[in-house]
Each structure stands twice: as structure tokens, then as C-alpha cells.
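Written below as C-alpha cells is the structure these notes are about.
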Amino acid sequence: MRRHQTTVSGTLEGVIAAAEWLRETALQERLQQDLTFALEVCLEELMTNIARHSSPRDDRGARPGHERPTISANLRLAISDEEIELVVEDDGKAFDAAAAPAQPVNRPLAELQAGGLGLRFVRSFSSDLRYERHDDKNRVTLHFLPERQGPTKAYP
Amino acid sequence: MEWNVTRLESDASLVELHGRMDVQGALKADPAFVEIAGKVERLIVDMRQLDFLASLGIRTLVSTSKTLAAKDGRMVLLSPQPNVEQVLRTSGIDTIIPIYHDRAAAEAAVAAGG
């Protein structure tokens with residue numbers, strides 16, 4: 001089992017840093033292209049959700065002259081011959097990514113909110129998604145098969 | 001992330017995407033798409049050279065499509081790569097922004113009144 005981890009902020013800059021970390025790690029580990037794509041799609045969605053929707057547990061810091069506490073996200077990647085595990089753990093307010101409904105898209109375009117569609121990706125591109133609240137942190141654990149097959153369906 | 005914009009004989013516009021529409025790519029492209037959406041009514045987004053698409057990129061496409069729809073315009077996606085197409089279909093975006101793998105069919109789809 002080979003392990004990699006990093007900590008980024010729960011901000012847009014953190015989303016970018018997380019993506020860069022994952023790409024470098026995937027290159028280092030020589031992960032299969034389709035697997036890397038799946039990891040990147042899932043990580044971008046989870047990190048984007050943290051940056052867009054999460055808020056610090058302690059709101060009392062939001063006073064004039066005082067900076068609001070920044071959310072922190074710890075990312076862990078464990079790689080073995082049997083599976084790949086990606087853990088995203090943030091210290092924001094409780095948010096169950098696994099329970100959040102994917103926004104339906106089969107409704108009139110005018111009603112559709114841009115964004116918030118990505119959990120479909122996560123469920124589709126990973127083999128397993130789990131959420132737990134642990135030590136006042138949101139922890140999302142994803143599993144991937146090491147030899148992920150790319151799309152085999154030939155769309156018309 | 002790079003792109004080219006071409007005006008077609010049919011008067012539709014073709015945006016060819018090159019590279020990755022990841023976080024940085026989407027942030028870079030979004031202002032351009034806003035500008036394009038303000039100027040055109042029929043748009044084909046050529047995704048043959050687009051290697052990656054995720055949440056933020058989807059957001060840009062949806063916003064563009066909504067802008068065009070608000071003025072009775074049309075937008076379609078052309079020839080996404082397999083992984084990108086899986087992203088599009090998994091998100092259900094293909095139900096509101098049609099996908100074509102044939103240039104002529106894409107042009108016909110965005111033609112006036114189509």
C-alpha cells in the first residue's frame with residue numbers, strides 16, 4: 001500500500017492545489033489514464049462543494065478586523081494492487097455528500113441551476129462512496145478499481 | 001485550455017476547445033463563453049480536442065446554454081471524447097444540450113428554427 005496526502009484550503013485556490021497534487025501523484029504512480037480521469041473528476045467535485053457550500057464550524061470569528069476561519073481539507077490517496085482509496089476530509093460544518101441528492105437535470109433549462117450536478121459524477125466514476133462525520137470533520141471516502149475501464153458504450 | 005471561434009456559412013458559430021476544462025481551464029474559459037453567448041444565437045461546441053471536463057466546466061456550458069435559450073438560441077456539443085461524454089451523460093447535461101458526433105447533423109440541429 002502506497003500512501004500520499006496533502007492539506008489544502010477549502011477555497012478556490014485549494015481546489016486548484018488539490019487538482020495539481022492529484023495530477024502529480026497520478027503521474028508519479030503511473031496510474032492508468034481512465035483511472036486518473038475518474039479520480040480528477042471526483043476530487044474536483046468534492047473540493048468544489050467544499051469551497052462553494054461549506055462554512056467554518058466557528059462563525060464567531062467573522063468580526064470586523066478579524067479574519068473568518070478558513071476551512072481546511074486533508075486529502076489522502078492510498079494505492080494498492082486491489083484498489084485505490086481517496087479520502088477527502090474537511091473541517092467545515094456537517095455536510096453529508098453521500099446523502100445530498102443530485103440535482104435533477106431533466107427539467108426545463110430555465111429552471112436549472114448551473115452547478116450542483118457533480119455528485120452524479122462521483123457516484124458514476126467511483127465504485128463506492130461513503131460519508132462519515134468524524135471528530136467534527138466531514139470525511140468522504142471513495143474507492144476505485146485500479147484497472148478502471150473507460151466507457152465501453154458506443155453512444156449513438 | 002485554448003479555444004477558437006469560427007463563424008460558419010450557416011451563420012452558426014463554432015467554438016473549438018483544446019486542452020482541459022478543469023478548474024483552471026473553466027476559470028479561464030468562462031469569461032469568453034459569457035462574451036460568446038452574448039454575441040451569438042446558434043452555437044456548436046466542438047469537443048474533439050477537449051481532454052477533460054468536470055463540474056466547473058459543466059457549469060460554464062449550462063450557463064452558456066441558458067443565455068442562448070433565453071433569446072431562443074440553440075447550442076449543441078460536438079464529438080466529445082469518451083470520458084468527457086461519460087461526464088456529460090452522467091450529469092444528464094445531454095438531455096438539455098444535445099450531443100452530436102457528426103458535424104453536419106450538429107449544424108442542422110442549430111439551424112434557424114431547429
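So that the names make sense, note that chain A is the first sequence line, chain B the second, and so on, each numbered from 1.
Pairing each heavy atom of L53(B) with each of V41(A), the nearest pair is O-CG2, 3.9 Å. Considering every non-hydrogen atom in both T90(B) and S124(A), the closest pair reads CG2-CB, 3.2 Å.
Linking Ile, Leu, Val, Met, Phe, Trp and Tyr residues whenever their side-chain heavy atoms come within less than 4.5 Å places L129(A) and L39(A) in a single cluster. Hydrophobic clustering places L12(A) together with M47(A) (ILVMFWY residues linked when any side-chain heavy atoms are closer than 4.5 Å, directly or through intermediates). Cluster membership for L142(A) and Y131(A), using ILVMFWY side-chain heavy atoms within less than 4.5 angstrom, is shared. V23(B) and V34(B) are members of different hydrophobic clusters when ILVMFWY side chains are connected at heavy-atom separations under 4.5 Å.
In Q33(A), the CD atom is not crowded: 12 or fewer heavy atoms of neighbouring residues, nucleotides or ligands sit closer than 6.0 Å. Atom CZ of R30(A) sits in a sparse spot, with 12 or fewer heavy atoms from other residues, nucleotides or ligands closer than 6.0 Å. The number of heavy-atom neighbours closer than 6.0 Å to NZ of K71(B), taken from other residues, nucleotides and ligands shown, is above 12.
No side-chain heavy atom of F37(A) sits less than 4.5 Å from a side-chain heavy atom of Q81(B). Counting only heavy atoms from C-beta outward, the side chains of L27(B) and I16(A) approach each other to under 4.5 Å. Contact annotation: the side chain of F125(A) approaches that of V87(B) to within less than 4.5 Å [non-hydrogen atoms, C-beta and beyond].
N83(B) CG to T36(A) OG1: the interatomic distance, rounded to the nearest 0.5 Å, is 10.0 Å. For the atom pair I58(B) CD1 and T48(A) OG1, the distance stands at 12.0 Å (nearest 0.5 Å).
Neither the backbone nor the side chain of E13(A) has a heavy atom closer than 4.5 Å to any heavy atom of chain B. D94(B) does not touch chain A: none of its heavy atoms, backbone or side chain, sits under 4.5 Å away.
When only modelled atom types and interatomic distance are considered, S55(B) and E44(A) share no side-chain donor-acceptor pair under 3.5 Å.
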